[in-house]
Amino acid sequence: MVRSQAVSGLTIAGLARAGEVGVETVRYYQRRGLLQTPDRPGGAGHTGGIRRYDSADVRRLRFIRSAQTAGFTLEQIGELLALDATDDRARARELARERIAALDARIEELDKARASLRKLAQECGGRLAGPCPILTSFDQVAS
């Protein structure tokens, strides 16, 4: 669990820990333009100092992870981050509604899969002879 304290001067490893991700995930988000890559103090390249991150970077990283957990794509997350600067709530609501619709469709799909599996499990338990309906059902799908 991350301690609640003011955060400043974090290395990339510290940022990753605070955001509960790996260092490579932070670098990936930087390459995608979702997180800024701070300048090295004292110059660029290997001669400069260590890049430092602050609490704003931690908040942004946590936002990205939370939005991913809600099912937003990285492209949508980038748009949400950009919308934050413009305060375009209508577009943010539209993105949320689109995500809700996609989740509803996925839930419906999962409900159907669960119902099918329940039926197959009952049929498998009711038969004492012949092939298991679960195995034959999946065998037919694979063919």
Side-chain angles (χ1 to χ4, degrees), residues 1-127 131-143:
M1 191 83 187
V2 177
R3 289 177 294 204
S4 176
Q5 64 181 11
V7 178
S8 64
L10 291 173
T11 63
I12 193 168
L15 174 64
R17 247 187 327 276
E20 299 179 359
V21 299
V23 169
E24 287 306 313
T25 300
V26 172
R27 289 186 177 128
Y28 179 71
Y29 292 158
Q30 289 172 330
R31 287 191 302 272
R32 295 292 303 260
L34 299 173
L35 284 173
Q36 296 297 316
T37 303
D39 292 329
R40 292 180 187 272
H46 297 297
T47 60
I50 297 172
R51 293 184 172 103
R52 297 292 176 175
Y53 300 86
D54 61 20
S55 58
D57 297 309
V58 173
R59 281 192 308 275
R60 191 172 181 106
L61 178 56
R62 289 178 179 165
F63 173 85
I64 294 166
R65 296 296 295 149
S66 294
Q68 278 188 304
T69 299
F72 286 100
T73 65
L74 292 180
E75 290 77 20
Q76 291 169 327
I77 293 168
E79 186 175 356
L80 286 170
L81 289 167
L83 290 172
D84 185 43
T86 64
D87 202 29
D88 186 350
R89 292 181 180 200
R91 178 62 182 142
R93 271 192 313 276
E94 182 182 336
L95 283 170
R97 287 182 180 137
E98 288 172 5
R99 188 65 208 127
I100 291 167
L103 287 170
D104 287 343
R106 182 72 176 133
I107 289 168
E108 184 178 338
E109 181 182 311
L110 289 170
D111 282 341
K112 288 178 182 178
R114 181 178 53 203
S116 294
L117 283 172
R118 275 193 180 131
K119 182 180 178 206
L120 288 170
Q122 283 178 328
E123 289 175 6
C124 185
R127 285 190 189 174
C132 173
I134 295 171
L135 300 177
T136 57
S137 173
F138 290 132
D139 189 38
Q140 292 171 3
V141 173
S143 298

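Just so it is clear, the values below take in all heavy atoms, side chains as well, and ignore hydrogens, waters and symmetry mates. Quick note: residue numbers are just sequence positions, from 1. Remember, it's a predicted structure, so these values are computed and weren't measured experimentally.
The heavy-atom pair separating F72 from A96 by the smallest distance is CZ-CA, 4.1 Å. Contact detail for L10 and A18: the closest heavy-atom pair is CD1-CB, 4.4 Å. The two atoms that bring V21 and L61 nearest to each other are CG2-CD2, 3.9 Å, heavy atoms only. Here the closest non-hydrogen pair linking P131 and T136 is CB-CG2, 3.5 Å. Pairing each heavy atom of L83 with each of A92, the nearest pair is CD1-N, 3.7 Å. Shown here for L15 and V26, the closest heavy-atom pair between the two residues is CD2-CG1, 3.8 Å.
D104 places no side-chain N or O within donor-acceptor distance of the main-chain N or O of I107, the cut-off being under 3.5 Å. R62 places no side-chain N or O within 3.5 Å of a backbone atom of E20 that could act as its donor or acceptor partner. R51 places no side-chain N or O within 3.5 Å of a backbone atom of T37 that could act as its donor or acceptor partner.
Looking at Y29 and R65, their side chains come closer than 4.5 Å, going by heavy atoms from C-beta outward.
Environment of CD in E98: crowded, with over 12 heavy atoms of neighbouring residues, nucleotides or ligands closer than 6.0 Å.
The side chain to side chain contact (heavy atoms under 4.5 Å, CB included) check on D87 picks up R89, with sequence neighbours excluded. Taking D84 as the reference, nothing meets the side chain to side chain contact (heavy atoms under 4.5 Å, CB included) condition, with sequence neighbours excluded. Checked against side chain to side chain donor-acceptor pair (under 3.5 Å), R91 has the following partners two or more places apart in sequence or in another chain: E79, E94.
Remark: R114 engages D111 in a salt bridge, criterion side-chain N to carboxylate O under 4.0 Å.
Using modelled atom types and a 3.5 Å distance limit, the side chains of Q30 and R27 yield no donor-acceptor pair.
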